[in-house]
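Worksheet for the structure shown next.
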Amino acid sequence: MDFTLGCVHHGVTDRSTSYWNRECPWSDNTDVSETAKLNHGFPSSYAHNFRDIVREFVSVFREQSATATVRVVTHTIRLNKDEPFRIRPYHLSEDKKRALYECVNKMLAAGVIERSDSEYCSPVVLVKKKDGTVRFCTDYRRLNRLTKDEAAPLLRIQEVLRDFGTATVYSSLDLKSGYWQIPMDQASKRLTAFATPDGATYQYRVMPFGLKNAPATFQKLMARVLTGHTKST
């Protein structure tokens with residue numbers, strides 16, 4: 001699924017694409033001819049089933065609802081020592097400042113961040129992506145040094161392959177901002193705080209990139225998905 005283009009790609013070698021209205025995929029006001037684009041070789045009833053599933057989970061495709069959708073996993077930061085720090089923002093060019101404020105406004109609108117008065121504060125880093133846009137990152141090296149290690153063992157690969165062995169249809173799904181699907185533990189939000197050049201301080205409501213144990217928390221989520229124990233809001 002490509003949220004940016006508002007479409008779903010079907011197949012690998014014989015690939016086809018279905019587009020949806022980004023405001024409301026396959027709404028009742030959308031021509032049902034959309035299903036004709038599902039040219040993947042499945043029985044015709046599958047096309048209607050697919051449309052019904054997308055309609056049922058329409059909120060998943062809305063950008064403003066694409067964060068903190070998981071209930072069963074939260075990210076908690078456990079410190080070896082509660083040692084507050086405030087690192088002033090890194091120097092940024094005027095162009096990068098504009099990009100930073102644009103990112104902040106979008107994250108506020110999406111519910112990714114909120115205003116903060118935390119005694120912790122990490123600096124922001126803007127990383128240029130291949131398409132020329134910037135990725136908003138936070139330099140959590142100081143916080144990570146204070147954070148306890150955490151591990152999330154992988155599932156037994158042999159058992160996963162055994163469960164897949166009887167399947168005849170496979171699909172893959174790339175989560176939109178996957179880490180942002182996971183809410184932060186309420187008490188840990190203050191530890192994720194960062195400041196902008198104008199002096200404002202914000203903290204994350206969802207799990208940001210760069211935290212020491214974020215991969216372990218995401219692995220826990222994936223394990224629950226594979227075992228069928230996850231639930232969305």
Side-chain angles (χ1 to χ4, degrees), residues 1-10 12 15-25 54 57-70 75 87-116 118 120-144 171-184 189 191-215 217-219 221-222 232:
M1 296 185 184
D2 188 327
F3 185 87
T4 302
L5 297 179
C7 66
V8 180
H9 301 294
H10 315 274
V12 178
R15 198 174 198 185
S16 60
T17 302
S18 302
Y19 292 87
W20 69 76
N21 180 313
R22 287 187 60 180
E23 291 299 320
C24 185
V54 173
F57 296 99
V58 62
S59 62
V60 176
F61 298 93
R62 293 197 178 110
E63 187 168 14
Q64 64 270 28
S65 303
T67 58
T69 59
V70 176
H75 184 70
I87 302 176
R88 64 181 182 179
Y90 294 147
H91 174 74
L92 297 174
S93 66
E94 291 303 315
D95 287 341
K96 285 191 173 183
K97 283 182 182 179
R98 283 192 291 270
L100 182 148
Y101 291 132
E102 183 178 346
C103 290
V104 167
N105 289 334
K106 287 182 178 179
M107 290 191 293
L108 280 171
V112 173
I113 59 175
E114 61 189 12
R115 295 299 292 262
S116 175
S118 174
Y120 283 82
C121 186
S122 298
V124 171
V125 178
L126 296 181
V127 180
K128 191 173 183 179
K129 297 193 289 187
K130 292 181 180 179
D131 61 3
T133 59
V134 297
R135 185 187 303 280
F136 188 97
C137 304
T138 312
D139 185 353
Y140 284 124
R141 287 178 293 180
R142 178 76 173 270
L143 176 63
N144 288 340
S171 63
S172 62
L173 179 64
D174 184 11
L175 294 176
K176 178 183 177 345
S177 302
Y179 278 18
W180 289 359
Q181 309 301 321
I182 301 173
M184 286 294 300
K189 289 181 180 180
L191 302 176
T192 67
F194 63 88
T196 53
D198 60 358
T201 304
Y202 304 88
Q203 62 190 24
Y204 281 90
R205 300 178 65 243
V206 297
M207 186 172 73
F209 302 100
L211 291 179
K212 183 177 187 177
N213 295 317
T217 299
F218 194 76
Q219 175 57 37
L221 172 60
M222 292 299 98
S232 296

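- Every side-chain contact (heavy atoms from CB on, under 4.5 Å) that E102 has, sequence neighbours left out, goes to K106.
- Residues satisfying the salt bridge (Lys or Arg N to Asp or Glu O under 4.0 Å) test with D198, not counting sequence neighbours, are none.
- N144 places no side-chain N or O within 3.5 Å of a backbone atom of N213 that could act as its donor or acceptor partner.
- Smallest separation of non-hydrogen atoms from Q203 and K189: CB-O, 3.4 Å.
- Under the ring pair (Phe, Tyr, Trp, His ring centres under 6.0 Å) criterion, Y140 pairs with no residue at all, not counting sequence neighbours.
- The shortest non-hydrogen separation linking A200 to R115 is CB-NH2, 3.7 Å.
- Atom CG of L211 is separated from atom OG of S122 by 8.5 Å, given to the nearest 0.5 angstrom.
- For S93, the side chain to side chain donor-acceptor pair (under 3.5 Å) test picks out no residue, with sequence neighbours left out.
- No side-chain donor-acceptor contact under 3.5 Å links T138 to the backbone of V124.
- Atom CG of L221 and atom CD1 of I182 lie 5.0 Å apart (nearest 0.5 Å).
- Taking the side chain as every heavy atom from C-beta outward, Y90 and V125 approach each other to under 4.5 Å.
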Subject >> Derivation of the side chain to side chain contact (heavy atoms under 4.5 Å, CB included) call for C137 and L126 >> reply: CA-CA 6 Å; C137 304; L126 296 181; over 6 Å; no
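- Side-chain atoms of R205 never come within 3.5 Å of backbone atoms of I113 as a donor-acceptor pair (strictly under, hydrogens ignored).
- Checked against side-chain contact (heavy atoms from CB on, under 4.5 Å), F209 has the following partners two or more places apart in sequence or in another chain: Y179, W180.
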Subject >> side chain to side chain contact (heavy atoms under 4.5 Å, CB included) assessment of T196 paired with V104 >> reply: CA-CA 9 Å; T196 53; V104 167; 4.0 Å; yes
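- Among residues two or more places apart in sequence or in another chain, the side-chain contact (heavy atoms from CB on, under 4.5 Å) test is passed with K129 by D131, T133, R135.
- Looking at R142 and I87, their side chains come closer than 4.5 Å, going by heavy atoms from C-beta outward.
- Annotation: the span from F218 atom CZ to Q181 atom CD amounts to 8.0 Å, rounded to 0.5 Å.
- In this structure, N105 has no side chain to side chain donor-acceptor pair (under 3.5 Å) partners at least two apart in sequence or on a different chain.
- Minimum interatomic distance between S116 and A193 (heavy atoms only, all atoms of both residues): OG-CB, 4.0 Å.
- Applying the side-chain contact (heavy atoms from CB on, under 4.5 Å) rule to L92 yields the partners K96, K97, L100, P197; only residues at least two apart in sequence or on another chain are considered.
- Of all heavy-atom pairs spanning M184 and P208, the tightest one is SD-CD, 3.9 Å.
- Scanning for side chain to side chain donor-acceptor pair (under 3.5 Å) contacts around S118 gives an empty result, with sequence neighbours left out.
- Side-chain contact between Y120 and F194 is absent, with no heavy-atom pair separated by less than 4.5 Å.
- Going from atom OG1 of T192 over to atom NE2 of H75 covers 9.5 Å, rounded to the nearest 0.5 Å.
- In terms of the side chain to side chain donor-acceptor pair (under 3.5 Å) criterion, Y202 has no residue partners (sequence neighbours excluded).
- With sequence neighbours left out, the salt bridge (Lys or Arg N to Asp or Glu O under 4.0 Å) criterion links R141 to D139.
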